[in-house]
Structures are given as structure tokens and as C-alpha cells.
Visitor: 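Structure below; questions to follow.
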There are 2 protein chains.
Amino acid sequence: MSIVSELEEVRSCSTHFVLAINDTLNVISGKWKLPIIGSLMYGKKRFKELERDIAKITPRMLSKELKELEMNGIVSRTVHPTTPVTVEYELTTSGESLKQVLEPMVEWGVQHRKRVFGK
Amino acid sequence: MSIVSELEEVRSCSTHFVLAINDTLNVISGKWKLPIIGSLMYGKKRFKELERDIAKITPRMLSKELKELEMNGIVSRTVHPTTPVTVEYELTTSGESLKQVLEPMVEWGVQHRKRVFGK
DNA sequence: TATATCACTATACTTTTGTATAGTAACCTG
DNA sequence: CAGGTTACTATACAAAAGTATAGTGATATA
């Protein structure tokens, strides 16, 4: 089935429509996923670099969210056998492609804020 | 400040970028907001109609989420003094404009599912 | 008079999500 | 050989989000 006709079908059924959006939502929701993705959009980073980049994140949460992002194919993890080991996290092509959904969210967010708290 | 130059600024700063996306995310996140919005995309609905439309939602959650959506200017609430009272919920123009962010999410969600569970 | 409809609200509870704090193992530097 | 670096994990706890169940008041119908 082509992507175009599949999208037609999903759009026509409220249940499938909501499910597809939830697939996307699950990937980016959680308190720290966006800050992590945002940071990785500037290039690959090591664990400690992310920890320093993202104010107030704890190593537990960073580790947890990175694992989920990796499972979802959004980031890749590469271990370099240096001493001490260094681990690099990087956006996959799927991760990069999230820009197409984040960009409209930025636009809507900015416009919404204007509507809510005057111009 | 124009919307265009403002978007430029937001895109250039990781913190503002994440904040704008979170403004959007907060409006649509929660287990029941998308089903509600999805249902209202087919036209105005009364409380009981929404309750019947959305499988397994409790009146408590429906009431709670509708209140939040109303506060955020996504839905409007109109009371008709019939007996018993009927209350109609409808998407505002802000609510309708969410389509511009939901549509890319549908596309990404469908493509992501293909990538994750084979074609 | 008994039951049903409408649009909710109240109370108590469980589950999920996130925080705080400390610790691990391997190695390098002073 | 004490202290710092790396990338984490373990345990306990607090807060937020969601569920289950019952009840409200006005009115209409059987």
C-alpha cells in the first residue's frame, strides 16, 4: 500500500488518526526528551556533555530517556573504548526527520502564546 | 515584532525552541485530549455525545480535559437553557488551527510505524 | 410514584512519572 | 594513594495523572 493512500485512510478514520498522532507524541513526550533532542540537533554529544547542557537533569533521567529514544530509533549510541569509556549519542535519520513535526509545533506555539497573552 | 522575525529568533535559541514546542505539547497532551479534539473535528458535540463517542472515558476525565481545553482557548462551551440543560462543545479557530500541527504528526507517526515494524 | 436523562461533582484510590541521594568500576593525574 | 574523570545504576521517595464508583438537582416519561 502506498504511503499516500495509507495517509488518506488514516485521516478518514478518527481512531487511526488519533493512534498515528499518539505514536508521534509518545516519542517526544516526557519532561526531558525535547531538551535532549534539541541539544542533539546541534551535533553528537557524550553523556556528560548532555548532562551539562541540560540544566537540572539527573543522570537517572538522562539515562532513562536516552534509552527510550534509542529504543524508538531516534538516537544512536556509540561506545568508544577509550579510558575512561566515552559514549556518543547522535540523532538517527528518523530523529532528524522529527524536524518536520517540531517546526509546525514551534510556529503554532508562538502564535498561540500571542493569542493567549495579547500581542 | 513580526511573526517571521520572531520565529527566526525562537529557532536560533535552543531554550526558546523547546519552550515554544512545550506550549503546543501542553495543549494536546493528556490521555484524552486528542480523542476529544478528534471527535470535535467532525462538528460540535454535547457532553453525553462525547462521552459515548470516546470509549472508556469517565465523566470526571471528560469534564476535566474539556475545562483545560476551554482555558487554553481550544474549545468553546455553550449552554442552552433547555430542560434538561444541554451544553455544546465546539472547536474554536485556535482549535481548528491545530490541524496544521496534527497533520505532520500523522504523517510522521505513520512513517515511523513503518520503519519500526517493517514495511 | 419509579425510573431515566442531562451535565456534571466528590471522594478515594492506583499508576505513572519524575526527584533526591548515594554508589559502582575502571582508569588517570598530582 | 587520595581525588577526579567517565557513564552510568540502585534505592527510596514525592508529585502528577488517571481510574472507580457513587451521587447531585432539575425535569420528563411510563
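All values reported here derive from a predicted model rather than from experimental measurement.
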Visitor: In whole Å, I'd like the distance from the CD1 atom of B/I28 to the C1' atom of D/dA17.
Guide: 17 Å

Visitor: State, with a plain yes or no, whether a side-chain heavy atom of A/V18 is found less than 4.5 Å away from one of A/H16.
Guide: no

Visitor: Taking all heavy atoms of B/R115 and all of A/S94, pick out the closest pair and write down the distance.
Guide: NE-OG, 2.6 Å

Visitor: Which one, D/dT21, D/dG18, C/dA7, comes nearest to the side chain of B/R46?
Guide: C/dA7

Visitor: Provide, to the nearest angstrom, the distance between the NZ atom belonging to B/K64 and the P atom belonging to D/dA17.
Guide: 7 Å

Visitor: Output the rounded distance in Å from CD (A/E65) to C1' (C/dT17).
Guide: 9 Å

Visitor: Taking C-beta and beyond as the side chain, do B/Q100 and A/W108 meet within less than 4.5 Å on heavy atoms?
Guide: yes

Visitor: B/P59 side chain: which of D/dT6, C/dC6, C/dC8 is closest?
Guide: C/dC8

Visitor: How close or far is atom P of D/dT19 from atom CD of B/E51, stated in whole angstroms?
Guide: 13 Å

Visitor: Would you kindly give the CD-to-P distance between B/E68 and D/dA16, to the nearest whole Å?
Guide: 13 Å

Visitor: In whole Å, what is the span from the CG atom of B/L25 to the P atom of D/dA16?
Guide: 18 Å

Visitor: Of the nucleotides C/dT19, D/dT6, D/dG18, which has the atom closest to the B/M61 side chain?
Guide: D/dG18

Visitor: Counting heavy atoms from C-beta on, name the nucleotide in C/dC28, C/dA7, D/dG18 closest to the side chain of B/F47.
Guide: C/dA7

Visitor: Using a cut-off of less than 4.0 Å, is there contact between a side-chain N or O of B/R77 and OP1 or OP2 of C/dC8?
Guide: yes

Visitor: A/K67 side chain: which of D/dT9, C/dT5, C/dA7 is closest?
Guide: D/dT9

Visitor: Think B/T86 has a side-chain N or O under 4.0 angstrom from the OP1 or OP2 of C/dC6?
Guide: no

Visitor: Whether A/S63 contacts D/dC8 is assessed here as follows: a side-chain N or O lying under 4.0 Å from the phosphate OP1 or OP2. Is that the case?
Guide: no

Visitor: Taking the nucleotide of DNA chain D with the closest heavy atom to each, which residue, B/T83 or A/E49, is nearer the 5' end?
Guide: A/E49

Visitor: Charged N to carboxylate O below 4.0 Å: is that the case for B/E51 and B/K48?
Guide: yes

Visitor: Taking the side chain as everything from C-beta on, heavy atoms only, tell me whether A/L98 gets closer than 4.5 Å to A/M41.
Guide: no

Visitor: Under the 3.5 Å rule, do the base of C/dT11 and the side chain of B/R60 count as making a donor-acceptor pair?
Guide: yes

Visitor: Just how far, in rounded Å, is C1' of C/dC6 from NZ of B/K45?
Guide: 17 Å

Visitor: At 4.0 Å (heavy atoms only), tell me whether A/K56 reaches a base, stays on the sugar-phosphate, or touches nothing.
Guide: nothing

Visitor: Just the rounded figure in Å: distance from C1' of D/dT6 to CG of A/L50.
Guide: 14 Å

Visitor: Hey, is the side chain of B/K31 poking within less than 4.0 Å of OP1 or OP2 on D/dA16, counting only N and O atoms?
Guide: no

